[in-house]
Every structure is written in C-alpha cells, then in structure tokens.
Amino acid sequence: QVRLVESGGGLVQAGGSLRLSCVASGRIGSINAMNWYRQPPGKQRELVAAITSGGSTNYADSVKGRFTISRDNAKNTMYLQMNSLKPEDTGVYYCNADIRPAFMSGYRDYWGQGTQVTVSS
C-alpha cells in the first residue's frame with residue numbers, strides 16, 4: 001500500500017524558516033515527479049514547487065528565491081526548504097507524487113494528508 005507521509009509543518013513568525021518533508025513508503029516500484037502544493041484558507045490548491053526524478057525543479061513565482069525543493073531518491077523522500085516566510089505562505093501543504101507501485105506497469109498519482117503551515121505577522 002503506497003502512501004505519502006508528511007511532516008515539518010508548524011507555526012513560525014514572518015521571516016522564519018521551515019523544512020517540510022515527505023516520505024513515500026509501501027510497495028514502490030519507482031517515483032517519477034514529486035510536487036508540493038498548498039491551499040491557503042478559503043482559496044484553491046496551487047502548485048508551489050515541482051521536481052523531476054532527475055532533479056529538475058520548477059517554482060511558483062510567489063515562492064521563487066525563497067523556497068527550495070529537493071529529493072533524496074535513496075530515501076524516497078522529498079523536502080521543501082522554506083525561508084523568509086510570509087503570512088501569505090500560510091496554508092495546508094500537500095505532498096504529491098507520480099508513483100509506480102511494485103509489480104505494476106503504470107504510474108499513479110498519490111497525495112499526502114497535508115501539513116499545516118502558519119506564518120504569523
């Protein structure tokens with residue numbers, strides 16, 4: 001049973017930093033792209049950052065220069081280093097990944113449970 005488990009959210013003051021992690025576990029064949037999404041209160045979910053299996057990255061304009069996405073393929077883990085946090089970064093952050101389960105031929109889209117990030121002013 002493939003699943004994504006997130007951690008690292010919490011309450012931080014503006015200008016501070018947090019590092020989120022997402023660990024994929026279960027019967028994993030391979031992991032393609034991994035992404036971080038967030039959903040601010042009362043707003044729709046948006047893509048924050050993406051990283052390919054080879055390490056290529058892409059960021060939303062709102063976080064470019066402040067956030068860094070990375071992954072450790074040996075540990076099936078993805079990270080989001082968030083620096084210079086702003087109150088508008090507040091929201092639920094979700095891990096998302098394209099994963100091929102072991103012994104399966106196709107990739108499937110998986111989501112974590114979300115972790116709350118609150119940035120106080």
Side-chain angles (χ1 to χ4, degrees):
Q1 193 81 3
V2 173
R3 65 183 185 275
L4 300 175
V5 180
E6 300 161 310
S7 62
L11 176 65
V12 66
Q13 64 182 355
S17 298
L18 285 173
R19 190 172 83 151
L20 308 182
S21 63
C22 170
V23 180
S25 62
R27 296 177 297 163
I28 296 172
S30 60
I31 304 176
N32 196 357
M34 302 186 78
N35 314 287
W36 285 102
Y37 286 78
R38 71 184 180 191
Q39 186 168 19
K43 297 182 179 181
Q44 293 187 312
R45 189 174 301 182
E46 63 179 352
L47 180 66
V48 176
I51 185 167
T52 69
S53 61
S56 297
T57 60
N58 194 24
Y59 299 91
D61 288 342
S62 60
V63 307
K64 195 170 297 181
R66 300 187 297 119
F67 290 11
T68 302
I69 188 172
S70 62
R71 63 192 288 171
D72 185 336
N73 291 333
K75 297 180 178 180
N76 289 332
T77 301
M78 175 178 64
Y79 305 95
L80 185 67
Q81 179 66 47
M82 304 185 294
N83 298 326
S84 301
L85 283 162
K86 304 174 180 179
E88 50 262 45
D89 294 319
T90 293
V92 180
Y93 283 68
Y94 296 92
C95 176
N96 167 255
D98 268 338
I99 301 175
R100 180 178 62 80
F103 312 113
M104 302 296 175
S105 61
Y107 284 83
R108 294 176 179 269
D109 201 42
Y110 291 86
W111 291 87
Q113 79 286 356
T115 184
Q116 177 70 43
V117 171
T118 302
V119 184
S120 64
S121 60

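- In this structure, the side chain of R38 does not engage the main chain of G91 through any donor-acceptor pair within 3.5 Å.
- For the pair K75/S21, no side-chain contact is recorded, criterion being any heavy-atom separation below 4.5 Å from C-beta on.
- Linking Ile, Leu, Val, Met, Phe, Trp and Tyr whenever their side-chain heavy atoms come within less than 4.5 Å puts V2 and I31 in one cluster.
- Residues R100 and S30 are in side-chain contact: their nearest non-hydrogen atoms beyond the backbone lie under 4.5 Å apart.
- Placement of M34 and Y59 within a single hydrophobic cluster is found when ILVMFWY residues are connected by side-chain heavy-atom separations under 4.5 Å, directly or transitively.
- E6 contributes a side-chain N or O that, together with a main-chain N or O of G114, makes up a donor-acceptor pair within less than 3.5 Å.
- Hydrophobic clustering (side-chain heavy atoms under 4.5 Å, transitive across Ile, Leu, Val, Met, Phe, Trp, Tyr) keeps Y37 apart from V63.
- Contact check for V117 versus M82: side-chain heavy atoms found under the 4.5 Å cut-off.
- Proximity of D109 to D98: side-chain heavy atoms (C-beta onward) are separated by under 4.5 Å at one or more points.
- The two residues P101 and R108 come nearest to each other via the heavy atoms CG-CD, 4.5 Å.
- With rounding to the nearest 0.5 angstrom, the CG atom of L47 is 7.0 Å from the CG atom of N58.
- Nearest approach of L4 to A24, heavy atoms of both residues: CD2-CB, 3.6 Å.
- Counting heavy atoms from C-beta outward, E88 and P40 have side chains that stay 4.5 Å or more apart.
- A side chain to side chain contact (heavy atoms under 4.5 Å, CB included) with L20 holds for exactly one of Y94, Y79, F67, Y93; it is Y93.
- With a 6.0 Å radius and a threshold of 12 heavy atoms from other residues, nucleotides or ligands, Q13 has its CD atom at or below the threshold.
- Ionic pairing of D61 and K64 is present here: one or more N-O contacts between side-chain nitrogen and carboxylate oxygen are shorter than 4.0 angstrom.
- Using a 4.5 Å heavy-atom cutoff, the side chains of R71 and C22 are not in contact.
- With a 4.5 Å cut-off on side-chain heavy atoms, M78 and W36 count as touching.
- The distance from the CG atom of L80 to the OG1 atom of T115 is 11.0 Å, given to the nearest 0.5 Å.
- Between S53 and N73, the shortest heavy-atom distance links the atoms O-ND2, 3.4 Å.
- Closest approach of A14 to S121, counting heavy atoms only: CB-CA, 4.5 Å.
- Residue W111 is grouped with residue V92 when hydrophobic side chains (ILVMFWY) are merged at heavy-atom distances under 4.5 angstrom, including chains of intermediate members.
- Between N35 and A50, the shortest heavy-atom contact is OD1-CB, 3.1 Å.
- The closest donor-acceptor contact from the side chain of N32 to the backbone of I99 lies at 3.5 Å or more, if one exists at all.
- Contact of the Q116 side chain with the T90 side chain is registered, since non-hydrogen atoms from C-beta on lie closer than 4.5 Å.
- No more than 12 heavy atoms of other residues, nucleotides or ligands sit less than 6.0 Å from atom CZ of R27.
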